[in-house]
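In what follows, a single structure is set out as structure tokens and then discussed.
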Amino acid sequence: MAGLHLITCEFPPLVGGVSEHSRVLAEAAVARGHDVQVWTGHDAAGSPGIRVSRVFGDFSRSDLARADAALDACPAPRRVVVQWVPHGYGCKGLNVAFAAWLRRRARAGDRIDLVVHEPFMDFFGRSWFQPAIALVQRYMTWSAVRSAERVWLTIPGWEARLRFARRRGQPAPRTLPVPGAVPVAHDADAVSALRLDLRRGRRYLLGYFGDDHAFARDALTETVRGLSGHLDAAFVCIGRGSGTLAAAVRTAVPASMIPLYATGQLPRRFLSHHLQACDALVQPYPDGVSGRRTTTISALEHGVPVITTVGALSEPFWRESRAVEAVLAADSAALAGAVRRMLEPARHAAARHAALALYRERFDPIQTMDALLSL
């Protein structure tokens, strides 16, 4: 049985996109006959064919030395897949030592596949020291990319940002789409009962699945305000951070216009039930929907249409797909009109079928993991 080593900053039971992607990747590798060892820094749960070690701890220099010894004890040659998120590996996103450690492992003979979820922080943002962080992370990514035998991108938009880091003769990066993060839990009776409860007598149930952030607050406030008096619907915010997000929207828009609820963090089974209960999700992103947005991809996996925004990082297929209604990220006030278009009966029925088809074509791990795991 072939061995595969997965280095990740997140693995279940931690909640997050990288955690769920790591789980799906590990399970897909086991299904293809690989014996999987996950190396991380926190207590995590293994499963048949998947062993987990928290040898990395805080990713300090002493932790890296222990990881060296543990990896060296495994049979060579070693195939190592690294989930690259520079701010995930300790030292407040400035762990140059970890990036250098990857280069040493490559020079010692490990075959490294680097999966780039995020390349580095932008130079300008909310803090005065962000340019310094961005510069250090660029150096970390330069070092990590040069250590890799192959580089994989969760979206094509990262390719231009990594050109400075590639070594001469290195194969061109390839796209590795991110699959859904919420397994579909089939229970028609439970979903019907939940839908009935959440609609509270309204005709439609709309949802938002994701964290609380300023862009989502503003966009959802505009959407709910724009739908009030025009659509017989209730709205539910789903998952971690949903309580504060829903409270902010309710403060801006009277709840009597469109009932607005929040679930808080939920186990994956109940997340799945809530997604299935919705007629559509409203998923606004400041840089646009893209193949790394697992909140939207999970909706597609459940056959739920999405109303979203497109921007600098959006791939062309989002504008072309019948599974979504998309508006420009700079024009989030247009989301309410997009919701009404999506819920027209013929349009909505077609969108449900298109959502499942788009997921199977572009995001199903049966398809997307094949290139990474077959070589």
Side-chain angles (χ1 to χ4, degrees), residues 6-23 38-44 52-68 70-71 80-106 112 114-148 151-155 157-158 161-162 164-165 178 181 210-216 239-241 244 265 285-287 292-295 313:
L6 174 62
I7 295 176
T8 179
C9 54
E10 294 180 359
F11 199 77
L14 281 188
V15 176
V18 175
S19 174
E20 289 302 319
H21 185 258
S22 297
R23 175 189 61 80
V38 176
W39 306 90
T40 188
H42 62 90
D43 289 327
V52 180
S53 170
R54 66 178 307 273
V55 68
F56 276 110
D58 295 327
F59 295 92
S60 66
R61 290 182 184 274
S62 59
D63 293 325
L64 296 177
R66 283 194 293 272
D68 267 329
L71 273 167
V80 180
V81 177
V82 180
Q83 300 278 44
W84 185 248
V85 188
H87 55 264
Y89 290 100
C91 297
K92 298 182 178 179
L94 301 173
N95 198 343
V96 175
F98 176 68
W101 180 85
L102 290 177
R103 294 197 77 183
R104 290 200 305 274
R105 296 302 311 182
I112 294 179
L114 193 76
V115 182
V116 180
H117 289 264
E118 295 184 30
F120 37 70
M121 187 176 285
D122 291 331
F123 274 112
F124 301 104
R126 290 175 291 181
S127 65
W128 64 268
F129 53 85
Q130 185 164 320
I133 298 174
L135 188 63
V136 173
Q137 288 190 351
R138 277 163 173 75
Y139 173 76
M140 291 169 58
T141 296
W142 176 86
S143 181
V145 167
R146 287 179 168 249
S147 74
V151 177
W152 304 85
L153 313 175
T154 53
I155 57 171
W158 297 148
R161 301 192 185 195
L162 295 179
F164 79 100
V178 177
D211 289 334
D212 175 22
H213 57 86
F215 186 83
R240 182 177 57 183
T244 54
Q265 187 167 322
Y285 306 104
D287 52 6
R292 73 186 187 99
R293 296 295 188 178
T294 54
T295 45
L313 294 180

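In this structure, Arg138 contributes its side chain and Met121 its backbone to a donor-acceptor pair below 3.5 Å. At least one donor-acceptor pair under 3.5 Å links the side chain of Ser22 to the backbone N or O of Val18.
The side chain to side chain donor-acceptor pair (under 3.5 Å) pairs that include a residue from residues 52-65 are Asp43-Arg54, Ser60-Ser62, Ser60-Asp63, Asp63-Arg66, where partners are two or more places apart or lie in different chains. Screening residues 89-106 for side chain to side chain donor-acceptor pair (under 3.5 Å), with sequence neighbours left out, gives Asp68-Trp101, Asp68-Arg105, Asp72-Arg105, Arg105-Asp110.
In terms of heavy atoms, Phe98 sits closest to Ile7 at CZ-CG2, 4.1 Å. Closest heavy-atom contact between Pro86 and Pro119: CG-O, 3.4 Å. Closest approach of Ser147 to Ala106, counting heavy atoms only: O-CB, 3.2 Å. Ile155 and Arg292 make their closest contact through CG2-N, 3.4 Å (heavy atoms, listed as atom of the first residue, atom of the second, distance). Considering all non-hydrogen atoms of both residues, Cys9 and Leu14 come closest at O-CD1, 4.2 Å. For the pair Ala144 and Leu102, the tightest heavy-atom approach, listed with the atom from each and the gap, is CB-CD1, 4.2 Å.
Taking the side chain as every heavy atom from C-beta outward, Phe120 and Arg161 approach each other to under 4.5 Å. Residues His87 and Glu118 have side chains in contact (heavy-atom distance under 4.5 Å, counting atoms from C-beta outward). Side-chain contact between Phe11 and Gln83 is absent, with no heavy atoms from C-beta onward closer than 4.5 Å. Within the 4.5 Å cutoff, the side chain of Thr40 has no heavy atoms near those of the Glu10 side chain. For the pair Arg293 and Asp287, the minimum side-chain heavy-atom distance is below 4.5 Å. With a 4.5 Å cut-off on side-chain heavy atoms, Leu71 and Trp39 count as touching.
A distance of 6.0 Å separates OG in Ser19 from NE2 in His42, rounded to the nearest 0.5 Å. Expressed to the nearest 0.5 Å, how far NE2 of His117 lies from CH2 of Trp84 amounts to 12.0 Å. Taking CG of Leu153 as the reference point, atom CG of Leu114 lies at 9.0 Å (rounded to 0.5 Å). We find the CH2-CZ distance between Trp142 and Phe164 to be 9.5 Å, quoted to the nearest 0.5 Å.
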